[in-house]
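Okay, so here's the structure we're looking at.
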Number of protein chains: 2
Amino acid sequence: MANMKEIAKMARVSLGTVSHVLNNSAVVREPVRLRVLEAVQAAGYQPSQLARGLRRDKTNMIGMIIPDITNPFFPAVVRGAEDVAFSNGYRLILCNTDNDHSKELVHLNELRTYLPAGLIVIPSNFSDLTTQAESYRRAGTGVVCIDRLPKNWSGDSVTADNEEGAYNATRCLLQFGHTKLATITGPLHLTNAKERLDGFKRAMREARLHLAPEYVQETTFDKQGGYSKTLILLRLIPRPTAIFAGNDMIALGALLAIREAGLRCPEDISLIGFDDLDLAETTNPSLSSVSQSGYQLGTTAARILLDRLEGDKGPAKHLVLETTLKIRHSVAAPPGAPRRNRASKGRRSTKPGLAEERA
Amino acid sequence: MANMKEIAKMARVSLGTVSHVLNNSAVVREPVRLRVLEAVQAAGYQPSQLARGLRRDKTNMIGMIIPDITNPFFPAVVRGAEDVAFSNGYRLILCNTDNDHSKELVHLNELRTYLPAGLIVIPSNFSDLTTQAESYRRAGTGVVCIDRLPKNWSGDSVTADNEEGAYNATRCLLQFGHTKLATITGPLHLTNAKERLDGFKRAMREARLHLAPEYVQETTFDKQGGYSKTLILLRLIPRPTAIFAGNDMIALGALLAIREAGLRCPEDISLIGFDDLDLAETTNPSLSSVSQSGYQLGTTAARILLDRLEGDKGPAKHLVLETTLKIRHSVAAPPGAPRRNRASKGRRSTKPGLAEERA
DNA sequence: GAGATATTTTGAAAGGTTTCAAACGAGTTC
DNA sequence: GAACTCGTTTGAAACCTTTCAAAATATCTC
């Protein structure tokens, strides 16, 4: 690969001048500028990002730390971030933590040695991101936290409006006439799981319905968890006629358990999930879900990061993205209820988009 | 961040010695070695990957270029590659091409400036990877191509046994008694789409069944393509009673079209896809599919790459991974046929794993 | 214990860029 | 025509490693 020295020689100028042309860091007379540009063109020269990063004390890489790219919700987030990053000249280094905070720590330490321009992080379970991010910020590296927040997070963040989404989903179930509701939540130390439970409870409270503790089951955000906790719920007396699942994977497990128990969804039990994964449309019955745009989560986070890199020194941003309720075939009136109010296929609720900003 | 100079001072040795301790590049007396290690520990020192890469002319980054992380097949591939890479001290830079070869080219050129240790590539449509890879190889950078191969590819590769998988799927349909088969292929300039069609044709030939050209529809590897091509197939006379889809997204679109046309799967039309995505299990009816392990594709590619980095100079490797046929509810005997031979739920065929190696 | 040899440590160069102070050249002013 | 400006260009240092030849030290042999 050609280097700057060769370009300098070709264009009969000094190293410094080449650099200035490439970075617009000083005015260079037009004829000289052109000569340099020509040489660059002719040699197919591209500056070494390593040397540049070393000298500038900052590269054009963005570290993206997520639990697991294999989890169907995350690819869209990554893609959103990559699109914005890429079109602004930044590249993504992808790291999976498997929700293991020690693996997260390894990544955080390791990434430092690349002098990344910034970090976009979906924190792991029991993440220690807050202290780590502090040291990054001291080094001038932006850190944006998305989807869920670690303990004491005070930096930039982008999340979905989990509380409101869950509230709307629950209200929908109530409007269908259900009174025996249950919920299967994700791990409640995760802020998103907690907020969804809060939304569920708010709707229940407003409807003046009592919520016995055994109707709230906590588990991991996966199919297996949804399956086993649903079996528990189905043994309760009275049996719940509607379940709000903390995410679609849990809902999927619930669907399995319901079917296996010889019950039908939605005739016997209605079900709403969260995330609106692609698979929600294709299950049997199709799964109702609180839709949040992972892609938008990613683009927004990257946008904030880039703004910071361009010098935005404002106070920490906490963006909250709106959700949309998608009612499909997994919701109906409870058994024995007068059957007005059939499930209307398709969207409802408000349009998606940037919502309120709590600063 | 502490640098090597500080460590050297703390341990009262020279820069070179610190480097030797860190890299085992020369024997260092035990007491000295310990002093250095202690200083490293105390300072929490981590060597700058940038400086190291610059000096060594090679970083520990692996460029991973894929069409689109949002496509449900690819995350597992990426994860497989990341796992192997990470546990060997390498990191992944993720690039999406959207199947656009000019975007691929941009990534290939850009990545060069990071001096990556290697590249793992799923080539885009009409990829020019072959010439690009040549120049990478000259620079000592390994390139492994996976899933499908660009024109004239002669380097290392890992692919699924597409031909055999498609052949097995088709034979299964034939055994169920179908004689009017159709297939919807992916873009036939992609080697994997082509090979799957070949397998389909081989089974048809062996069964001495004529295959009229209109029963072979080519489209893109997505739901939309599957949907529209299925509508065309359904208008043919005689109407096919079984469809082999080039991948699961196409199959999903086919399912939609079948349902919309007022037909039933599998009673009227049987359907088999390819890839065995997670969603195949949850569709209605559950989708039969040729299962290939994306994860294994990724790990194998990374493994080959690492072997190359450790000095393996052998001839180009062409690994071909076996597939497994998963028959679910989307397959049954054709309408009007004597109904022996009901679909047996669950796996069949051989175990997954590394298959033959064509060198 | 001197000389030779083997082992360990050092110092400086190199890798490709950015950046800053200094040098340069062309006008301008008196 | 000397002294000054102003706008351009240059050269060298710095960023943090690795590596290689050379220096320093330890070990061995007689």
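Numbered from 1 within each chain, the chains take letters A, B, ... in sequence-line order. If you're wondering where the values come from, they're calculated on a predicted model, not measured in any experiment. Heavy-atom basis, side chains included; hydrogens, waters and symmetry copies ignored.
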- prompt: Separation of B/R33 atom CZ from C/dT9 atom P, in whole Å?
  reply: 11 Å

- prompt: Salt bridge between B/K9 and B/E6, side-chain N to carboxylate O under 4.0 Å?
  reply: no

task: Take the protein atom CD of B/Q46 and the nucleotide atom P of D/dC16, then report the distance between them rounded to whole Å.
output: 15 Å

task: Using a cut-off of strictly less than 4.0 Å between a heavy atom of the residue and any atom of DNA chain C, enumerate the qualifying residues of residues 48-63 of chain A by number.
output: A/S48, A/A51, A/R52, A/R55, A/R56

- request: Specify the residues of residues 18-32 of chain B, ordered by number, for which at least one heavy atom lies under 4.0 angstrom from an atom of DNA chain D.
  value: B/S19, B/H20, B/N23

message: Just by distance, no angles: are the side chains of A/E104 and A/S127 close enough, under 3.5 Å, to form a donor-acceptor pair?
response: yes

- request: Rounded off to whole Å, could you give me the CD1-to-C1' distance for the A/I7 and C/dT17 pair?
  value: 13 Å

Atom-to-atom span, CG of A/L115 to P of D/dT17 - whole angstrom: 10 Å

task: Identify whether the distance between the nearest side-chain nitrogen and carboxylate oxygen of B/R79 and A/D98 falls below 4.0 Å.
output: yes

query: Does the distance from a Lys or Arg side-chain N to an Asp or Glu carboxylate O, for B/K317 and B/D307, drop under 4.0 Å?
result: no

task: Specify the separation, in whole Å, of atom CZ of B/R12 and atom P of D/dA24.
output: 20 Å

Modelled atom types, side-chain donor and acceptor of A/S87 and A/D83, under 3.5 Å: no

- request: When you get a sec, tell me which of C/dT9, D/dT9, D/dT18 is the closest nucleotide to the side chain of A/T17?
  value: D/dT9

Whole-Å gap separating C1' (C/dT18) and CG (A/N3): 15 Å

field: Test salt bridge (Lys or Arg N to Asp or Glu O under 4.0 Å) applied to A/D156 and A/R308, A/R137, A/R303, the passing residue
entry: A/R308

query: Would you say a side-chain N or O of A/Y45 is under 4.0 Å from OP1 or OP2 of C/dT17?
result: yes

- request: Can you label the angle between the B/F126 ring and the B/H101 ring as parallel, tilted or perpendicular, going by 30° and 60°?
  value: perpendicular

message: Has B/T130 got a side-chain atom pairing as donor or acceptor with B/S154's backbone, closer than 3.5 angstrom?
response: no

field: Salt-bridge contact B/R33-B/E30 (side-chain N to carboxylate O under 4.0 Å)
entry: yes

- prompt: Looking only at side chains, do A/Q132 and A/R112 share a donor and an acceptor under 3.5 Å apart?
  reply: yes

message: Under 3.5 Å, is there a donor on one side chain and an acceptor on the other for B/T131 and B/D128?
response: yes

message: Without decimals, in angstroms, what is the distance between A/L15 CG and D/dA13 C1'?
response: 12 Å

message: If the helix axis at each end comes from five base pairs, how far does the helix from C/dG1-D/dC30 to C/dC30-D/dG1 deviate from straight, to 10°?
response: 60°

